[in-house]
**Q** 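Starting off with a structure, shown below.
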Amino acid sequence: MATIQNIKGMRDHLPQAMLLRQHIVATLQQVCERYGFDPLQSPVVEYAEVLEGKLGDDEKLIYRFEDHGGRQLALRYDQTVPLARVVAQYAGQLVLPWRRYAYGPSYRGERPARGRYREFYQFDADIVGSSSPLADAEIVALLCEALSALGFPDFVTMLNHRQLIGGIARTSGLDEAAAGGVYRAIDKFDKLGAAGVQEELLRSGVAPRAAEQILALVQIEGDAPAVLEELAARLANDERAVAAVANLRAISEALVGLGIPAERYTVAPRLARGLAYYTGLVFEAITPHWPEGSLLGGGRYDELIGQFAKRSIPTVGLAFGIDRLHDVMEQLGLGPQATGTAVAFVTIFGPEQTQASMALARELRAAGINTLLCLEPTTALGKQFKEADRKGARFALVLGPDELARDTVVLKDLRTGVQEHVERSSVSAKVRSS
RNA sequence: GUGCCUGUAGCUCAAUGGCAGAGCACCUGACUGUGGAUCAGGAUGUUGCGGGUUCGAGCCCCGUCAGGCACCCCA
């Protein structure tokens, strides 16, 4: 091994980072289960053909390889396509609608940057087998509660609909083929501004009048009902767009019913999403503290599972970007600030007191207290305290000759610096109640 | 995958082509049965890696690896 380093775009997560990441995952899991979702885990490796033909142009980013048996394999690109495979494969055993969550790494051969990695962790939640707008609303409500639970103060979920974007293109006199360029252009609105998008539209061959109309539609703003009303009026002669508006209206009304505050979501006609399998609702959550992109994204994909199963199974879901959530939360100082898992550090006064200290550590652990035991009985007490401090332990405990004689323990609170003699028999209760 | 920028001690960064440095962190001690604070001392580098130009390269050139930014796209 000539070079000691990790693969480009793939990271090691040291303990301090892992504590925050585990907090994020545990919180998401808790919220999902509160919504009645059940866990699923599938392999990181799939047959290449399972992933092919589902992602559009992004397919070139798939990690492919051949195994020792000559099988053409691929690392999963997301957890949505594997979900579709699982649903098709176990159709008889699953009770639809099926709500499931899944957590794990996915792989994309992209150029790494801040918030973009080649190995990245996603936490997915999907509702399989329902086309009801209540299903869409449940997913959006879940994500709002999850981001709130993580402590994000000011996120907004942007909602849009595939057929709304399509309707905007059609109403502007463009066919499906030209629509791709339109999606890409309007998606850059927040980055380029109106003038920039117009320039982009003209460059991709859109007529000036159509470009202006697209810009006007895309810039409609306000609360969800107002935006939808305006869109309904302007897209009245496009049947599919009208249906899309009605769908979004049903979803946003359901969000009201589910208790999601109005400032947490908005209908944003400018939101486009690249993944080819989306068919209806699409959404992203953004926060001003993360200008690089979205913290999570998702939507409805009613035809994807049908590519594996014999019939189409309507599904809506989302993926949280754990790495991005982690990066923003670290930047904002959200989440636990602990440097380690230990609460108590049991010192060893000297070789003669080793047995007594081990017994004390055992007792604390039995009481459910995360406890570090000193490993070098001959180490100066000062160094042991220093180790306790640097490991982030809240308490240091000392069992010296005096304490053993009086059947007490010295319990020092490293945060306040206050220490006291505690009855040997009440130590763990004392630590636990602090 | 394309273009641009960057890479020096554990971290943040200095060093006109001329002896590789500072702050923080780290280690030892002052210190008593006790961490953080203060003081005194100490250690630290194949300048990402490999070539080239030069009397001489951290600095210039080529390649490579990694990171960042833009494109593309997304979590």
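Order of the sequence lines fixes the chain letters, A, B, ..., with proteins taken first and strands second; residue numbering starts at 1 for each chain. Atom set for the values below is all heavy atoms of this structure, side chains included, hydrogens, waters and symmetry mates excluded.
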**Q** Closer than 3.5 angstrom, by distance alone: can the side chain of A/E110 be matched with the main-chain N or O of A/L61 as a donor-acceptor pair?
**A** no
**Q** Find the distance A/K383:NZ to B/G33:P and express it as a whole number of Å.
**A** 17 Å
**Q** For A/Y117 and for A/A380, find the nucleotide of RNA chain B with the closest heavy atom, then tell me which residue's nucleotide is more 5'.
**A** A/A380
**Q** Looking at B/U34, B/G36, B/G68, which one has an atom nearest to any side-chain atom of A/R114?
**A** B/G68
**Q** For A/D12 and B/G67, what is the distance between atoms CG and P respectively, to the nearest whole Å?
**A** 11 Å
**Q** Is a donor from one side chain sitting under 3.5 angstrom from an acceptor on the other, for A/Q307 and A/Y277?
**A** no
**Q** Just checking A/K188: base, sugar-phosphate only, or nothing, at a heavy-atom cut-off of under 4.0 Å?
**A** sugar-phosphate
**Q** Please work out the stems of RNA chain B from pairs that are Watson-Crick or G-U wobble with both distances under 3.5 Å, keeping only runs of three or more consecutive pairs.
**A** B:1-7 with B:65-71, B:10-13 with B:21-24, B:26-30 with B:38-42, B:48-52 with B:60-64
**Q** Students often get this wrong, so: under 4.0 angstrom with heavy atoms, is A/K412 touching a base, only sugar-phosphate, or nothing?
**A** base
**Q** Distance check, P atoms only: B/A57 and B/A25, in whole angstrom units.
**A** 36 Å
**Q** What about A/R116: does its side chain form a donor-acceptor pair under 3.5 Å with the base of B/C69?
**A** no
**Q** Nearest whole angstrom, please: distance from the P of B/A75 to the CG of A/L295.
**A** 12 Å
**Q** Between A/I24 and A/I322, which heavy-atom pair has the shortest distance, and what is it?
**A** CG2-CD1, 3.9 Å
**Q** Are any side-chain N or O atoms of A/Q419 and backbone N or O atoms of A/G417, one a donor and one an acceptor, separated by less than 3.5 Å?
**A** no
**Q** Is it true that A/Q29 and A/Y101 share a donor-acceptor pair across their side chains at a distance under 3.5 Å?
**A** yes
**Q** Between B/G21 and B/U47, how far apart are the two C1' atoms, rounded to whole Å?
**A** 12 Å
**Q** On a whole-Å scale, what distance lies between the P atoms belonging to B/G33 and B/C49?
**A** 49 Å
**Q** Taking the side chain from A/T371 and the backbone from A/I369, do they hold a donor-acceptor pair closer than 3.5 Å?
**A** yes
**Q** Could you give the CD-to-P distance, from A/E200 to B/C71, as a whole number of Å?
**A** 10 Å
**Q** A/V398 has a side chain; which of B/G35, B/C74, B/G33 sits nearest to it?
**A** B/G33
**Q** Do A/R264's NZ or CZ and the ring of A/F155 fall within the cation-pi criteria of under 6.0 Å and 45°?
**A** yes
**Q** Check every strand shown and say whether A/P112 touches a base, only sugar-phosphate, or nothing at a heavy-atom separation below 4.0 Å.
**A** sugar-phosphate
**Q** Please determine, for the side chain of A/Q5, which listed nucleotide (B/A75, B/U34, B/A66) has the closest atom?
**A** B/A66
**Q** Select base, sugar-phosphate, or nothing to describe what A/R390 touches, counting heavy atoms under 4.0 Å on all strands.
**A** sugar-phosphate
**Q** For B/G68 and B/U8, measure between their P atoms and round to the nearest Å.
**A** 14 Å
**Q** Nearest whole Å is fine: how far is B/C73 P from A/Y183 OH?
**A** 14 Å
**Q** Just to be sure I understand the rule, does A/A388 reach a base, reach only the sugar-phosphate, or reach nothing, if contact means heavy atoms closer than 4.0 Å?
**A** nothing
**Q** For A/K60, answer base if it contacts any base atom (sugar-phosphate contacts may also be present), sugar-phosphate if it contacts only those atoms, and nothing otherwise; contact means non-hydrogen atoms under 4.0 Å.
**A** nothing
**Q** Establish whether the base of B/A75 is bridged to the side chain of A/E110 by a donor-acceptor pair shorter than 3.5 Å.
**A** yes
**Q** Quick one: which of B/C72, B/G33, B/C74 gets closest to the side chain of A/D402?
**A** B/G33
**Q** Counting only N and O atoms by type, is there a donor-acceptor contact under 3.5 Å from the side chain of A/D124 to the main-chain atoms of A/A319?
**A** no
**Q** With the criterion set at under 5.5 Å between ring centres and under 30 degrees between planes, would B/A75 be stacked on A/Y121?
**A** no
**Q** When only distance counts, do a donor and an acceptor, one from the side chain of A/R111 and one from the base of B/G67, lie under 3.5 Å apart?
**A** no
**Q** Using a 4.0 Å heavy-atom cut-off, does A/L296 contact any base of the nucleic acid, only the sugar-phosphate backbone, or nothing at all?
**A** sugar-phosphate
**Q** For A/R118, report the nucleic acid contact type (base, sugar-phosphate, nothing); a contact means any heavy atom under 4.0 Å.
**A** nothing
**Q** Grab the two heavy atoms, one from A/R324 and one from A/G115, that are nearest each other, plus how far apart they are.
**A** NE-O, 2.8 Å
**Q** So for A/E403 and B/G33, does any side-chain atom that can act as donor or acceptor lie under 3.5 Å from a complementary atom in the base?
**A** yes
**Q** Does the A/N160 side chain pair with the main chain of A/F283, one donor and one acceptor, at a distance under 3.5 Å?
**A** no
**Q** How far does the C1' atom of B/C59 sit from the matching atom of B/G7, given to the nearest Å?
**A** 13 Å
**Q** Any base atoms under 4.0 Å from A/L61, or only sugar-phosphate, or nothing? Heavy atoms, all strands.
**A** nothing
**Q** Please check this pair: side chain of A/Q384 against backbone of A/T379, looking for a donor-acceptor N/O pair closer than 3.5 Å.
**A** yes
**Q** Please measure how far the C1' atom in B/G50 lies from the corresponding atom in B/A9, and state the result in whole Å.
**A** 23 Å
**Q** Checking all strands, does A/G417 fall into the base, sugar-phosphate, or nothing category for heavy-atom contacts under 4.0 angstrom?
**A** base
**Q** Between B/C39 and B/C5, how many Å separate the two P atoms, rounded to a whole number?
**A** 44 Å
**Q** Tell me: CD of A/E284 to P of B/C74, nearest whole Å?
**A** 9 Å
**Q** How close or far is atom P of B/G33 from atom CG of A/L404, stated in whole angstroms?
**A** 17 Å
**Q** Taking the nucleotide of RNA chain B with the nearest heavy atom to each, does A/K8 or A/D187 sit closer to the 5' end?
**A** A/K8
**Q** Under the side-chain contact (heavy atoms from CB on, under 4.5 Å) criterion, do A/L147 and A/L296 qualify, and how do the steps go?
**A** CA-CA 10 Å; A/L147 292 184; A/L296 59 88; 3.9 Å; yes
**Q** Rounding to an integer number of Å, can you tell me how far A/D78 CG sits from B/C73 P?
**A** 17 Å
**Q** Could you write nucleotides 39-46 of chain B as a row of B, S and -, 5' to 3', where a protein heavy atom under 4.0 Å of any base atom gives B, of only sugar-phosphate atoms gives S, and otherwise -?
**A** --------
**Q** Take atom C1' in B/C24 and the same atom in B/A14, then report the distance between them in whole Å.
**A** 15 Å
**Q** Is the side chain of A/R76 donor-acceptor paired with the backbone N or O of A/S42 at a distance under 3.5 Å, no angle test?
**A** yes
**Q** Look at the side chain of A/Q419 and the base of B/U34, then say whether one donor and one acceptor between them are separated by less than 3.5 Å.
**A** yes
